[in-house]
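All of these numbers come straight from a predicted model, not from anything done at the bench.
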Amino acid sequence: MNPAPESPARPTRRRVVVAGVATAALAAGAGVAVWRARSGNNAGGSAAPLWALSFQTPQGPALEMARLRGKPLLVNFWATWCPPCVEELPLLDAFFRQQSGNGWQVLGLAIDQPTSVRNFLAKTPVSFPVGFAGLEGTSLAKSLGNLSGGLPFTVVLGADGTVRHRRMGRVTEADLAQWSQLR
(Lines give C-alpha, C1' and ligand atoms only; values in the text may rest on other atoms or scores of the structure.)
Protein backbone atom coordinates (compact mmCIF):
# COMPACT_ATOMS: atom_id res chain seq x y z
CA MET A 1 0.00 0.00 0.00
CA ASN A 2 1.31 3.42 -0.97
CA PRO A 3 1.49 6.20 1.59
CA ALA A 4 -0.97 9.05 1.21
CA PRO A 5 0.26 11.93 -0.98
CA GLU A 6 1.77 14.90 0.83
CA SER A 7 -0.51 17.77 1.61
CA PRO A 8 0.75 21.04 0.06
CA ALA A 9 -0.32 22.92 3.16
CA ARG A 10 1.76 20.77 5.50
CA PRO A 11 5.53 20.67 4.84
CA THR A 12 7.26 17.37 5.21
CA ARG A 13 10.34 16.90 7.33
CA ARG A 14 12.46 16.60 4.19
CA ARG A 15 11.27 19.99 2.87
CA VAL A 16 11.99 21.63 6.21
CA VAL A 17 15.54 20.19 6.24
CA VAL A 18 16.20 21.24 2.62
CA ALA A 19 14.89 24.75 3.31
CA GLY A 20 17.04 24.97 6.44
CA VAL A 21 20.18 23.90 4.56
CA ALA A 22 19.45 26.38 1.76
CA THR A 23 18.93 29.20 4.28
CA ALA A 24 22.17 28.32 6.08
CA ALA A 25 24.12 28.30 2.80
CA LEU A 26 22.68 31.67 1.83
CA ALA A 27 23.54 33.15 5.23
CA ALA A 28 27.07 31.74 5.07
CA GLY A 29 27.62 33.20 1.61
CA ALA A 30 26.37 36.61 2.72
CA GLY A 31 28.57 36.44 5.83
CA VAL A 32 31.67 35.66 3.79
CA ALA A 33 30.90 38.55 1.41
CA VAL A 34 30.54 40.99 4.31
CA TRP A 35 33.72 39.69 5.96
CA ARG A 36 35.70 40.03 2.73
CA ALA A 37 34.42 43.56 2.11
CA ARG A 38 35.29 44.69 5.65
CA SER A 39 38.62 42.95 5.99
CA GLY A 40 39.99 43.70 2.55
CA ASN A 41 40.44 40.01 1.81
CA ASN A 42 38.98 40.35 -1.64
CA ALA A 43 42.26 41.13 -3.33
CA GLY A 44 42.82 40.66 -7.01
CA GLY A 45 40.85 41.96 -9.90
CA SER A 46 41.60 44.70 -12.33
CA ALA A 47 41.08 48.40 -12.01
CA ALA A 48 41.41 48.88 -15.78
CA PRO A 49 38.58 51.44 -16.10
CA LEU A 50 40.21 53.61 -13.43
CA TRP A 51 43.39 54.13 -15.44
CA ALA A 52 41.49 55.75 -18.33
CA LEU A 53 39.94 58.46 -16.13
CA SER A 54 41.01 61.95 -15.23
CA PHE A 55 39.82 64.15 -12.39
CA GLN A 56 39.78 67.89 -11.94
CA THR A 57 41.79 69.03 -8.93
CA PRO A 58 41.24 71.89 -6.49
CA GLN A 59 44.24 73.62 -8.07
CA GLY A 60 42.60 73.46 -11.51
CA PRO A 61 44.48 71.10 -13.82
CA ALA A 62 43.18 67.62 -14.48
CA LEU A 63 44.90 64.65 -12.89
CA GLU A 64 45.35 61.85 -15.42
CA MET A 65 45.14 58.48 -13.72
CA ALA A 66 47.40 56.91 -16.36
CA ARG A 67 50.25 59.03 -14.95
CA LEU A 68 49.92 57.24 -11.61
CA ARG A 69 50.22 53.75 -13.04
CA GLY A 70 53.32 51.66 -12.39
CA LYS A 71 53.71 52.35 -8.66
CA PRO A 72 51.67 51.26 -5.64
CA LEU A 73 48.66 53.54 -5.23
CA LEU A 74 46.26 54.07 -2.35
CA VAL A 75 42.96 55.60 -3.51
CA ASN A 76 40.72 56.98 -0.78
CA PHE A 77 37.10 57.93 -1.48
CA TRP A 78 36.00 60.58 1.01
CA ALA A 79 33.73 63.57 1.60
CA THR A 80 33.90 66.67 3.78
CA TRP A 81 30.58 65.78 5.44
CA CYS A 82 31.84 62.30 6.49
CA PRO A 83 33.36 62.40 10.02
CA PRO A 84 35.42 59.17 9.67
CA CYS A 85 36.73 60.45 6.33
CA VAL A 86 37.90 63.71 7.88
CA GLU A 87 39.40 61.86 10.86
CA GLU A 88 41.54 59.58 8.67
CA LEU A 89 42.94 62.26 6.35
CA PRO A 90 45.87 63.18 8.66
CA LEU A 91 46.78 59.48 8.90
CA LEU A 92 46.70 59.14 5.11
CA ASP A 93 48.74 62.32 4.75
CA ALA A 94 51.39 60.98 7.16
CA PHE A 95 51.45 57.68 5.22
CA PHE A 96 51.98 59.59 1.97
CA ARG A 97 54.80 61.70 3.40
CA GLN A 98 56.52 58.63 4.91
CA GLN A 99 56.06 56.28 1.96
CA SER A 100 56.34 58.50 -1.11
CA GLY A 101 60.12 57.98 -1.06
CA ASN A 102 59.42 54.25 -1.35
CA GLY A 103 57.37 54.79 -4.50
CA TRP A 104 53.94 55.02 -2.88
CA GLN A 105 51.27 57.32 -4.21
CA VAL A 106 48.08 58.43 -2.48
CA LEU A 107 45.05 59.93 -4.16
CA GLY A 108 41.98 61.30 -2.45
CA LEU A 109 38.82 61.21 -4.55
CA ALA A 110 36.25 63.57 -3.10
CA ILE A 111 32.62 62.58 -3.50
CA ASP A 112 31.50 66.08 -2.68
CA GLN A 113 30.91 69.55 -4.10
CA PRO A 114 34.10 71.23 -5.39
CA THR A 115 33.48 74.38 -3.33
CA SER A 116 33.13 72.34 -0.13
CA VAL A 117 36.34 70.45 -0.90
CA ARG A 118 38.29 73.64 -1.67
CA ASN A 119 37.09 75.29 1.54
CA PHE A 120 37.93 72.20 3.57
CA LEU A 121 41.42 71.83 2.07
CA ALA A 122 42.14 75.53 2.69
CA LYS A 123 41.68 74.83 6.42
CA THR A 124 43.05 71.28 6.46
CA PRO A 125 45.62 70.86 3.66
CA VAL A 126 47.01 67.47 2.64
CA SER A 127 50.23 66.66 0.80
CA PHE A 128 48.75 64.14 -1.60
CA PRO A 129 46.68 65.00 -4.67
CA VAL A 130 42.90 65.28 -4.44
CA GLY A 131 40.52 64.89 -7.35
CA PHE A 132 36.86 65.75 -7.68
CA ALA A 133 34.96 62.51 -8.26
CA GLY A 134 31.50 63.96 -7.58
CA LEU A 135 28.52 61.65 -7.48
CA GLU A 136 30.05 59.56 -10.28
CA GLY A 137 32.69 58.61 -7.72
CA THR A 138 30.11 56.43 -6.01
CA SER A 139 29.77 54.32 -9.16
CA LEU A 140 33.55 54.16 -9.51
CA ALA A 141 33.92 53.04 -5.89
CA LYS A 142 31.30 50.34 -6.45
CA SER A 143 33.15 49.11 -9.53
CA LEU A 144 36.25 48.79 -7.33
CA GLY A 145 34.42 46.72 -4.71
CA ASN A 146 32.49 49.15 -2.50
CA LEU A 147 29.25 47.19 -2.64
CA SER A 148 27.53 49.21 0.08
CA GLY A 149 28.40 52.64 -1.35
CA GLY A 150 29.60 53.84 2.08
CA LEU A 151 32.42 56.20 2.96
CA PRO A 152 35.28 56.25 3.60
CA PHE A 153 36.40 53.58 1.19
CA THR A 154 40.03 52.81 0.37
CA VAL A 155 41.47 50.73 -2.45
CA VAL A 156 45.12 49.72 -2.65
CA LEU A 157 46.47 49.00 -6.11
CA GLY A 158 49.73 47.27 -6.84
CA ALA A 159 52.28 48.57 -9.31
CA ASP A 160 50.75 46.15 -11.82
CA GLY A 161 47.42 47.99 -11.62
CA THR A 162 45.46 45.28 -9.84
CA VAL A 163 43.42 45.72 -6.69
CA ARG A 164 45.34 44.27 -3.76
CA HIS A 165 43.28 45.44 -0.79
CA ARG A 166 39.98 47.13 -0.07
CA ARG A 167 38.86 48.75 3.15
CA MET A 168 35.35 49.90 3.96
CA GLY A 169 35.46 52.37 6.82
CA ARG A 170 38.26 54.28 8.44
CA VAL A 171 41.79 52.97 7.83
CA THR A 172 44.04 52.19 10.77
CA GLU A 173 47.77 52.46 11.31
CA ALA A 174 47.87 48.64 11.18
CA ASP A 175 46.22 48.69 7.73
CA LEU A 176 48.77 51.18 6.46
CA ALA A 177 51.69 49.25 7.96
CA GLN A 178 50.50 46.08 6.24
CA TRP A 179 49.90 47.81 2.93
CA SER A 180 53.27 49.57 2.97
CA GLN A 181 54.91 46.13 2.47
CA LEU A 182 53.24 45.87 -0.94
CA ARG A 183 55.31 46.54 -4.02
Side-chain angles (χ1 to χ4, degrees), residues 30-31 33-43 45 47-69 71-100 104-157 163-180 182:
V34 168
W35 173 78
R36 290 178 76 184
R38 286 190 180 179
S39 67
N41 288 332
N42 45 359
L50 176 69
W51 302 114
L53 300 175
S54 66
F55 299 96
Q56 287 304 121
T57 64
Q59 298 78 18
L63 173 68
E64 304 288 331
M65 290 303 299
R67 291 186 14 220
L68 299 177
R69 194 165 194 169
K71 295 181 182 178
L73 172 65
L74 183 151
V75 180
N76 178 258
F77 292 85
W78 68 285
T80 62
W81 45 262
C82 167
C85 300
V86 171
E87 291 169 10
E88 76 180 356
L89 284 177
L91 189 61
L92 295 174
D93 194 48
F95 175 80
F96 174 70
R97 285 185 277 112
Q98 293 165 357
Q99 296 297 326
S100 62
W104 271 92
Q105 305 170 101
V106 173
L107 172 64
L109 290 179
I111 300 179
D112 208 330
Q113 296 294 321
T115 302
S116 299
V117 174
R118 283 186 189 97
N119 291 340
F120 176 84
L121 292 175
K123 296 174 188 167
T124 312
V126 294
S127 305
F128 56 85
V130 172
F132 298 128
L135 292 178
E136 295 82 24
T138 304
S139 297
L140 176 59
K142 283 185 179 185
S143 76
L144 292 170
N146 182 352
L147 303 180
S148 69
L151 291 177
F153 176 67
T154 304
V155 179
V156 177
L157 301 147
V163 175
R164 300 292 181 88
H165 297 279
R166 295 176 180 95
R167 177 81 159 110
M168 171 53 68
R170 188 171 178 229
V171 299
T172 65
E173 288 185 27
D175 293 328
L176 296 173
Q178 176 191 1
W179 299 341
S180 69
L182 176 68

Can you name the nearest heavy-atom pair linking [X] to [Y], along with the distance?
X: Ala47; Y: Leu144; value: CB-CD2, 3.8 Å
X: Pro58; Y: Val117; value: CG-CG1, 4.4 Å
X: Gly131; Y: Leu107; value: N-CD1, 4.1 Å
X: Gly169; Y: Glu88; value: O-OE1, 4.0 Å
X: Phe95; Y: Ser180; value: CE1-CB, 3.9 Å
X: Ser143; Y: Leu140; value: OG-O, 2.7 Å

To the nearest 0.5 angstrom, please state how far the [atom1] atom of [X] sits from the [atom2] atom of [Y].
X: Phe96; Y: Leu89; atom1: CZ; atom2: CG; value: 13.5 Å
X: Leu50; Y: Phe55; atom1: CG; atom2: CZ; value: 6.0 Å
X: Leu109; Y: Thr138; atom1: CG; atom2: OG1; value: 11.0 Å
X: Gln178; Y: Glu173; atom1: CD; atom2: CD; value: 14.0 Å

Scan residues 107-146 for pairs that pass ring pair (Phe, Tyr, Trp, His ring centres under 6.0 Å), counting only residues two or more places apart or in two chains. Trp78-Phe120

Would you check, one step at a time, whether the test side chain to side chain contact (heavy atoms under 4.5 Å, CB included) holds for Gln98 with Trp104? CA-CA 9 Å; Gln98 293 165 357; Trp104 271 92; over 6 Å; no

For a 4.5 angstrom cut-off between non-hydrogen side-chain atoms, does [X] reach [Y]?
X: Val171; Y: Trp179; value: yes
X: Leu68; Y: Met65; value: yes
X: Leu92; Y: Val126; value: no
X: Pro152; Y: Asn76; value: yes

Taking everything shown except Gln113 itself, do over 12 heavy atoms lie less than 6.0 Å from its CD? no

Kindly indicate, with the supporting measurements, whether the criterion side chain to side chain contact (heavy atoms under 4.5 Å, CB included) is fulfilled by Leu74 and Leu176. CA-CA 10 Å; Leu74 183 151; Leu176 296 173; 3.7 Å; yes

Sequence neighbours left out, what passes salt bridge (charged side-chain N to carboxylate O under 4.0 Å, His left out) with Arg97? Give chain and number order.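 Per chain and number, Arg97 pairs via salt bridge (charged side-chain N to carboxylate O under 4.0 Å, His left out) with Asp93.
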
Leu151/Ile111 under side chain to side chain contact (heavy atoms under 4.5 Å, CB included): CA gap, chis, key distance, verdict: CA-CA 9 Å; Leu151 291 177; Ile111 300 179; 4.0 Å; yes

Taking the side chain from Asp112 and the backbone from Thr80, do they hold a donor-acceptor pair closer than 3.5 Å?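 Here the side-chain-to-backbone pair exists.
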
Indicate whether the side chain of Thr172 and that of Asp175 have a donor and an acceptor atom separated by less than 3.5 Å.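 The criterion, which ignores hydrogens and geometry beyond distance, is satisfied for Asp175 and Thr172.
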
Might you work through the side chain to side chain contact (heavy atoms under 4.5 Å, CB included) test for Asn146 and Met168, ending with a clear yes or no? CA-CA 7 Å; Asn146 182 352; Met168 171 53 68; 2.7 Å; yes

